[in-house]
Amino acid sequence: MVLVSTNANNLLSKLAKGNGHGEDSPYFDGWKAYDTDPFHPIMNPRGVIQMGLAENQLSFEFVEDWIKNNPQASICSVEGLDEFKDIAIFQDYHGLPEFRKAVANFMGKVRGDRVKFDPDRVVMSGGATGAHETVAFCLADPGEAFLVPVPYYPGFDRDLRWRTGVEIVPVICNSSNNFKLTREALETAYEKAQESNIKIKGLLITNPSNPLGTVYDRQTLETAVAFINQKKIHLVCDEIYAATVFAEPGFISISEVIENDMKCDRNLIHVVYSLSKDMGFPGFRVGIIYSYNDAVVNCARKMSSFGLVSSQTQHLIASMLSDDEFVESFLVGSAKKLAARHRNFTRGLAQVGIGYLKGSGGLFLWMDLRHLLKEKTLEAEMALWRVIINDVKLNVSPGSSFHCSEPGWFRVCFANMDDNTMEISITRIRNFVLQNKEVTTKIKKQKFCWRQSSLELRLSSRRLEDIMSPHSPLPQSPMLRATT
């Protein structure tokens, strides 16, 4: 009997065999490097520190205290056992009424109660990832596109495109005006799409911005609203970092902007939200779609069958977010902790002349390392990134993975670690920058050996830490200086 070997890949659909997920990018490669060699202060002190994960771990104490004081909120506790059956049995895809009400209330609190949200428009999804895909499914057909300002979150290539067939048309923003979105940039991107016979169905903006850490001012939001109304396309506002704003300028929601805009067609306005960043609950997969369009609400609610939030999670979240005293103290306390961490981290960068884009929100910095590049090219950015990953042992994300058109920018996350790990990361950055002049000279003389599967960069000479000297001169950054 002759056995015929079958290529397992040939048994898959074209969609499954494709690279629509976008996993083979530096953004995800950095995560792989961390996974294979994770830092631990005792077990692996020379491992990779995870600075590529936008996660808020600074405010868990507030949540932990609330849970200790409210054990009945969990149906998996003795105190909450009476409600176990009612919550554990089948729940429809509308979601628990108390959950939708609590989320709507929390969204208002995050926005300073300057605008109210209707619980009947709250549609749940499996995280912001599922919410974005659902919105794309509702608003566009395969081959149609969304305008998205660059730099943008790498996951959008997956969320919007992979299973929907929807395309992304970049709106080019650059450092000359601090990456601000302009009407001119929007018009240019729109016209280029038309020239390529690409139908634009919407504009997607992230406010606060990932990766920039900046917030949109009212004038820019009004510009976006005027643009989409003129073009008769949708505006999708990702506001998942709304409660991470820790300084001025403060956050302005698109919902506030359209509140008194009588000319705006509200059927074109949609908000994506989640509790992954603001509350630090990415594992709970609580994503929210809030649309002012009845048809979108109805369709998205049906689609949510593919990514429901568990009823157990809904019950716990509803109990927590219905506690107004807790919500108020959490929002204030979280902002204070983020501000302190941002201040301490940027102070460390300032000591070695590293600049960054000034922002007031998010869990990350848009760090300027252009002065460390051998030349202003993508290749030079990737070479620098590989050294940072493999020798400095920090997982930061290169700007090119966010589709940034200017080499030398990096996103670095600062809220997903304890104080001790942050200090170690700053020390590693400081030592690297102090040695940059000497290291750059050595790199030019050495041959890189890059193995993408294991993210190994090997230099033929000694490792970086073996050639560090505290006497190298500080490089001067041409951009703004980090300030305390």
Quick check: do [X] and [Y] have side-chain heavy atoms less than 4.5 Å from each other?
| X | Y | value |
| --- | --- | --- |
| Ile317 | Phe99 | yes |
| Ile389 | Leu394 | no |
| Val396 | Arg411 | no |
| His403 | Asp157 | yes |
| Thr346 | Leu365 | yes |
| Asp278 | Asn56 | no |
| Arg430 | Gln351 | yes |
| Ile354 | Met367 | yes |

State whether a side-chain donor-acceptor pair under 3.5 Å links [X] with [Y].
| X | Y | value |
| --- | --- | --- |
| Glu239 | Asn207 | no |
| Thr164 | Glu133 | no |
| Thr220 | Thr223 | no |
| Asn210 | Tyr152 | no |

Is it the case that the side chain of [X] and the backbone of [Y] share a donor-acceptor pair, with hydrogens and angles ignored and the cut-off at 3.5 Å?
| X | Y | result |
| --- | --- | --- |
| Thr421 | Met417 | no |
| Thr377 | Ala380 | yes |
| Thr313 | Val309 | no |
| Thr182 | Ala185 | yes |
| Asn178 | Lys180 | no |
| Lys277 | Ala54 | yes |
| Ser274 | Gly287 | no |

Tell me, which pairs form a side chain to side chain donor-acceptor pair (under 3.5 Å) where one or both residues lie in residues 281-292, sequence neighbours left out?
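Those involving residues 281-292 are Ser255-Tyr292, His270-Ser291.
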Shortest non-hydrogen contact from [X] to [Y]?
| X | Y | value |
| --- | --- | --- |
| Pro249 | Ser360 | O-OG, 2.8 Å |
| Cys404 | Pro151 | CB-CB, 4.1 Å |
| Pro398 | Met382 | CG-SD, 4.5 Å |
| Arg100 | Val122 | CD-O, 3.4 Å |
| Cys413 | Leu53 | CB-O, 3.3 Å |
| Ser401 | Pro154 | O-CG, 3.2 Å |

Is there a side-chain contact (heavy atoms from CB on, under 4.5 Å) between Phe106 and Leu331 once you walk through the steps?
CA-CA 10 Å; Phe106 182 72; Leu331 292 176; 4.2 Å; yes
Can you name the residues that form a ring-ring contact (aromatic ring centres under 6.0 Å, His included) with Phe251, not counting sequence neighbours?
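Phe251 satisfies ring-ring contact (aromatic ring centres under 6.0 Å, His included) with no other residue.
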How far does [atom1] of [X] sit from [atom2] of [Y], to the nearest 0.5 angstrom?
| X | Y | atom1 | atom2 | answer |
| --- | --- | --- | --- | --- |
| Leu235 | Leu203 | CG | CG | 5.5 Å |
| Arg114 | Glu256 | CZ | CD | 4.0 Å |
| Ser74 | Gln72 | OG | CD | 10.0 Å |
| Ile258 | Asn260 | CD1 | CG | 10.0 Å |
| Ile49 | Arg46 | CD1 | CZ | 12.0 Å |
| Asp238 | Ile205 | CG | CD1 | 9.5 Å |

Mind checking what makes salt bridge (Lys or Arg N to Asp or Glu O under 4.0 Å) contact with Glu222, not counting sequence neighbours?
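Scan of Glu222 (salt bridge (Lys or Arg N to Asp or Glu O under 4.0 Å), adjacent residues dropped) gives none.
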Under the salt bridge (Lys or Arg N to Asp or Glu O under 4.0 Å) test, which residues partner Glu381, sequence neighbours left out?
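Expected list: none.
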When you measure from the centre of the six-membered ring of Tyr273, is the NZ or CZ of Arg111 closer than 6.0 Å and no more than 45° off the axis?
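Judged by the rule (NZ or CZ under 6.0 Å from the ring centre, within 45° of its axis), Arg111 counts as positioned above Tyr273.
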Take Tyr241 and Phe364, measure what side-chain contact (heavy atoms from CB on, under 4.5 Å) needs, and give me the verdict at the end.
CA-CA 11 Å; Tyr241 290 97; Phe364 33 71; 3.6 Å; yes
Walk me through it: do Leu321 and Asn105 pass the test side-chain contact (heavy atoms from CB on, under 4.5 Å)?
CA-CA 8 Å; Leu321 298 188; Asn105 179 68; over 6 Å; no
salt_bridge([X], [Y]) N-O dist < 4.0 Å:
| X | Y | answer |
| --- | --- | --- |
| Lys32 | Asp29 | yes |
| Lys393 | Asp37 | yes |
| Glu61 | Lys337 | yes |
| Arg370 | Glu406 | yes |
| Arg341 | Asp419 | yes |

Steps toward side-chain contact (heavy atoms from CB on, under 4.5 Å) verdict (Ile252, Leu221)
CA-CA 9 Å; Ile252 301 175; Leu221 291 171; 4.0 Å; yes
Partner of Val352 by side chain to side chain contact (heavy atoms under 4.5 Å, CB included), out of Ile426, Val433, Asn431:
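The option that passes is Val433.
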Is it true that Phe246 and His342 have ring centroids separated by less than 6.0 Å?
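Yes, close enough.
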Stepwise, does the side-chain hydrogen bond (donor to acceptor under 3.5 Å, both in side chains) test hold for Gln50 with Asn395?
CA-CA 5 Å; Gln50 174 64 287; Asn395 175 28; 2.6 Å; yes
Identify every side-chain donor-acceptor pair in residues 63-70 under 3.5 Å, counting partners at least two apart or on other chains, and give the distances.
residue, atom, partner, partner atom, Å
Trp66, NE1, Asp323, OD2, 3.0
Asn69, ND2, Asp65, O, 3.1
Asn70, ND2, Trp66, O, 2.8

Qualifying residue for ring pair (Phe, Tyr, Trp, His ring centres under 6.0 Å) with Phe402, from Trp366, Tyr153, Phe156
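When ring pair (Phe, Tyr, Trp, His ring centres under 6.0 Å) is applied between Phe402 and each of Trp366, Tyr153, Phe156, only Trp366 qualifies.
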Measure up the Tyr27 and Trp31 rings against each other and bin them: parallel (under 30°), tilted (30 to 60°), perpendicular (over 60°).
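Taking Trp31 first and then Tyr27, their aromatic rings sit tilted (interplane angle of 30° to 60°).
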Taking side chain to side chain contact (heavy atoms under 4.5 Å, CB included) as the definition, give me every residue that meets it alongside Thr214, ordered by chain and number, with sequence neighbours left out.
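Thr214 satisfies side chain to side chain contact (heavy atoms under 4.5 Å, CB included) with Ser209, Leu212, Leu357 once adjacent residues are dropped.
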